[in-house]
*Asks:* 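Shown below is the structure under consideration.
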Amino acid sequence: MQNSTLLDGDAVGAVAKLKKQRPDEGLVILGSGELVQSVMRRNLIDEYVLPSHPLVPGSGCRLFAEGVSAKLRLIDTFPTTTGW
């Protein structure tokens, strides 16, 4: 896939290395809660984009697991398109 990088081995170490190599480029993690929690522990996430939905079925898994914390500051909001 264009503009994608496959990470081999230690994913958290690879993310840290990639951030140092490309400090002005944004990195995006999609669909991997376990990886997100791992890089959170190393303070490698600069910005979270958290969509909020009025209804989420099931129990799911927590983004901010026990022992993982982040200082968050709301920088923008987006209007809903569903009318909720």
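Computed from a predicted model, the values in this text were never measured in an experiment.
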*Asks:* How close do Arg42 and Gly13 get, counting heavy atoms only, and between which atoms?
*Replies:* NH1-N, 4.2 Å
*Asks:* Measure the spacing between CZ of Arg73 and CD of Glu47 and express it to the nearest 0.5 Å.
*Replies:* 9.5 Å
*Asks:* Is any side-chain heavy atom of Asp46 closer than 4.5 Å to one of Lys19?
*Replies:*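 Yes, close enough: below the 4.5 Å cut-off.
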*Asks:* Determine whether more than 12 heavy atoms belonging to other residues, nucleotides or ligands lie under 6.0 Å from atom CD of Gln21.
*Replies:*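 Enclosed.
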*Asks:* CD/Gln37 to CE/Met40 distance, rounded to the nearest 0.5 angstrom?
*Replies:* 6.5 Å
*Asks:* Under a single-linkage definition using a 4.5 Å side-chain heavy-atom cutoff for Ile, Leu, Val, Met, Phe, Trp and Tyr, are Ile75 and Leu72 assigned to the same hydrophobic cluster?
*Replies:* no
*Asks:* Measure the CG-CG distance between Leu44 and Leu27 for me, rounded to the nearest 0.5 Å.
*Replies:* 9.5 Å
